Amino acid sequence: MLNKMTLTMPWSGMNKLTLKPDLGKKLMVHAVLLTYTVIALFPILVILINSFKTRKAIFNDPLGLPDASSFTLVGFEEVLARSSFDVFFFNSLIVTVLSLFFVLLFGAMAAWALTEYRFRGALFIAALFAMGIMIPIRLGTVSILQLMVDLDLVNTRTSLVLVYIAQGLPLAVYILSEFIRTIPKELKEAARCDNVSEYKIFFQIVLPLIRPAMATVAVFTMIPIWNDLWFPLILAPGESTQTITLGVQQFIGQFVTDWNAVLSSLTLAIAPVLVLYLVFSRQLIRGLTAGAVK
Amino acid sequence: MADVQLKQIKKSYGQVNVLHGIDLDIKHGEFVVLVGASGCGKSTLLRLIAGLEDISGGELLIDNKVVNHQPPAKRGIAMVFQSYALYPHMSVFKNMAFGLKISGKDKNFVREKVEHAAKILQIDHLLERLPRELSGGQRQRVAIGRAIVRDPNVFLFDEPLSNLDAALRVQTRVEIGKLHKDLDATIIYVTHDQVEAMTLGDKIVVMNKGRVEQCGSPLELYRHPRTQFVAGFIGSPKMNFMKGKVSVKTEGSIYVKLADGVEVEARVESGAIAVGEEVTVGVRPEHLQESLHGEGRLKGKINLVEHLGEVSYIYMTLTDGSEVVVRGDGETEVKVGEEIYADYQPQNVHVFNAQGLAFKRLTAAEADAPAAAMIRQAAGGNT
Ligand SMILES: Nc1ncnc2c1ncn2[C@@H]1O[C@H](COP(=O)(O)OP(=O)(O)OP(=O)(O)O)[C@@H](O)[C@H]1O
Ligand SMILES: [Mg+2]
């Protein structure tokens with residue numbers, strides 16, 4: 001459900017591309033966008049309001065707002081008291097942030113190398129990354145599990161971070177390459193004339209200029225990782241390494257589901273991604289290269 | 001001292017040969033202007049000197065050392081790009097200081113240096129701004145400032161003024177000229193602009209299709225273009241060209257019969273010319289005078305008159321259909337559709353053979369002083 005949030009992203013970036021349409025067209029576009037926003041936000045809204053309601057109220061009137069008689073915090077109390085919510089939360093956060101950091105760093109570095117330098121095997125590496133975009137990493141789950149067993153990494157957060165880096169890298173390289181290609185080559189040449197080393201060109205000139213693209217990639221990378229249930233379940237199901245999506249599952253039973261707890265933990269789980277999203281979206285400054293050339 | 005020497009410099013991109021062996025000798029402190037049609041390899045040559053591209057053949061010497069395989073930073077050059085290429089996320093100060101800072105210079109030294117350069121270029125009040133908050137001319141000056149602070153031996157400018165409006169162009173051109181005197185540095189400057197080339201250059205290099213067509217002082221190129229290409233390139237408006245056949249040949253002067261029957265006299269070294277040879281005659285618009293009376297030698301119909309104030313340019317079509325531009329009086333009263341005559345001095349006429357090579361015009365002194373030419377003729381000449 002959080003995936004929906006990312007979808008508003010490319011649009012906010014693409015607004016600048018639309019060539020002043022006439023009013024009727026504008027209204028149409030906005031109508032479509034608004035409808036989509038409502039559809040996308042609806043489930044989240046339902047989770048939010050129901051997490052503050054008693055179990056009875058949830059079932060009687062799922063869409064009603066909590067009132068004096070139905071308002072309760074029992075779900076939150078339960079989540080915080082009965083489970084090791086803080087551990088799950090911390091696990092999710094550390095796994096997401098670490099994976100994100102490395103995907104961005106390695107993704108940008110690989111993209112820079114592939115676009116800027118000519119070397120033997122460049123095409124092969126680029127093809128591998130392209131394949132990584134097309135083939136879902138889950139197809140390799142069995143071998144990944146075997147590998148992790150051999151490396152003695154099962155039930156560690158490291159295993160998750162490694163898998164997520166592999167999962168996020170191909171798309172990151174692809175998107176960032178496109179952006180790096182748009183940096184005028186004179187900028188790099190000017191820097192080379194200035195005796196700036198290749199590393200410094202990358203870190204001090206290229207990275208700052210692709211910040212908006214990095215933010216886009218960050219959002220695209222972060223949300224699937226935060227929401228993933230598959231790899232935590234397979235690689236790190238232990239009590240101390242569970243992530244929050246896995247942790248929530250303990251409230252969903254075969255016969256009874258503690259809806260208060262489920263909805264409350266989901267509500268709590270939204271918060272950090274929301275914060276990260278806000279952080280990144282602030283980086284999506286337009287026209288960062290304005291003034292560089294011409 | 002930073003002499004720059006190019007010896008048979010070649011450049012090819014894969015199968016495509018872009019430069020076919022360029023020889024140039026640039027002395028320390030010289031201001032050399034590269035001109036030539038679009039795509040003839042000016043930028044490529046500049047980038048080879050800068051070290052931004054690999055040299056495919058030949059030798060490049062800066063300060064008498066072969067630098068073919070040295071990175072740009074080691075060559076003691078600074079390049080100012082046509083597109084400015086300022087770092088967009090850094091303030092003006094940081095843009096100018098970046099290179100110095102990277103090379104580990106002391107902070108105060110850097111500040112002093114940048115402020116000094118900013119003062120010269122009159123951008124000292126803009127140091128805290130970002131490039132996008134500057135006008136085109138200011139950006140250009142920041143780009144030049146970034147080059148100055150590094151104290152390079154050789155400045156490379158690639159069409160630095162082409163993005164500026166006319167007024168700013170003139171102003172910046174004057175500034176660059178002053179800068180050259182102040183800095184005592186070698187400058188290699190690419191431009192499309194006639195005026196920039198003529199006013200700034202100690203030496204102009206005319207390039208054509210990856211070769212040096214001619215190289216010399218502005219006046220030399222103007223007076224004695226070695227080929228028809230150079231003749232057409234230097235001077236504005238362009239030199240008029242008319243095809244014809246050599247009809248009479250004497251010592252120190254020939255007559256060329258144009259397609260419409262008019263005979264044009266030219267004072268050129270006639271030794272290598274054969275009567276009947278097909279040649280092209282060239283006369284600059286400023287060497288043609290309009291005259292309403294029949295004594296003029298070229299006759300044509302006016303199809304456009306441009307009044308520029310102090311002068312006017314009269315575009316006329318000769319009877320054989322070729323177009324000729326005449327520089328007329330600023331307040332000329334001639335009208336479109338009228339027939340006029342254009343007069344010229346024989347010593348101002350250039351003649352090119354079928355391959356586009358010029359026959360040497362008798363030197364300015366000889367041509368300007370008919371007496372000298374007569375003495376020469378009397379002595380039998382040496383051709
Ligand atoms: N990377 C490249 N690969 C192949 N050909 C190139 C490359 N760069 C330049 N060329 C070719 O080299 C020739 C010279 O280019 P160059 O940029 O030096 O021209 P120029 O004289 O600077 O032209 P302008 O006045 O338009 O700037 C052109 O024909 C161009 O197509
Ligand atoms: Mg060029």
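A, B, ... follow the sequence lines: proteins, then strands. Residue 1 opens every chain. All of these numbers come straight from a predicted model, not from anything done at the bench. The figures that follow rest on heavy atoms only: side chains count, while hydrogens, waters and symmetry mates do not.
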Is it the case that more than 12 heavy atoms not belonging to [X] sit under 6.0 Å from its [atom1] atom?
X: A/Ile133; atom1: CD1; result: yes
X: B/Asp54; atom1: CG; result: no
X: B/His69; atom1: NE2; result: no
X: A/Tyr199; atom1: OH; result: no
X: B/His116; atom1: NE2; result: no
X: A/Phe202; atom1: CZ; result: yes
X: A/Phe124; atom1: CZ; result: no
X: B/Glu112; atom1: CD; result: no

Could you pull out the closest heavy-atom pair between [X] and [Y], with the gap in Å?
X: B/Pro72; Y: A/Arg192; answer: CB-O, 4.0 Å
X: B/Ala85; Y: A/Ala190; answer: O-CB, 4.0 Å
X: B/His89; Y: A/Pro208; answer: CD2-CB, 3.5 Å

Any chance you could measure [X], atom [atom1], to [Y], atom [atom2], to the nearest 0.5 Å?
X: A/Glu186; Y: B/Asp158; atom1: CD; atom2: CG; result: 8.5 Å
X: A/Gln204; Y: B/Phe98; atom1: CD; atom2: CZ; result: 4.5 Å
X: B/Leu52; Y: A/Cys193; atom1: CG; atom2: SG; result: 4.5 Å

Could you tell me which portion of A/Lys185 (side chain, backbone, both or neither) has an atom closer than 4.5 angstrom to a non-hydrogen atom of chain B?
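Side chain of A/Lys185 only, per the 4.5 Å heavy-atom cut-off to chain B.
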
Proximal component of B/Arg75, with respect to chain A [non-hydrogen, under 4.5 Å]:
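Neither part, no heavy atoms under 4.5 Å.
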
Between B/Tyr84, B/Tyr87, B/Phe81, which is the residue that forms a side-chain contact (heavy atoms from CB on, under 4.5 Å) with A/Leu187?
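Of all the options given, the one that passes is B/Tyr87.
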
Does a side-chain heavy-atom distance below 4.5 Å link A/Asp194 with B/Arg146?
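Heavy-atom side-chain distance check passes, below 4.5 Å.
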
Side chain to side chain, A/Ser197 and B/Ile102, heavy atoms closer than 4.5 Å:
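They are not in contact (no side-chain heavy atoms under 4.5 Å apart), so the answer is no.
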
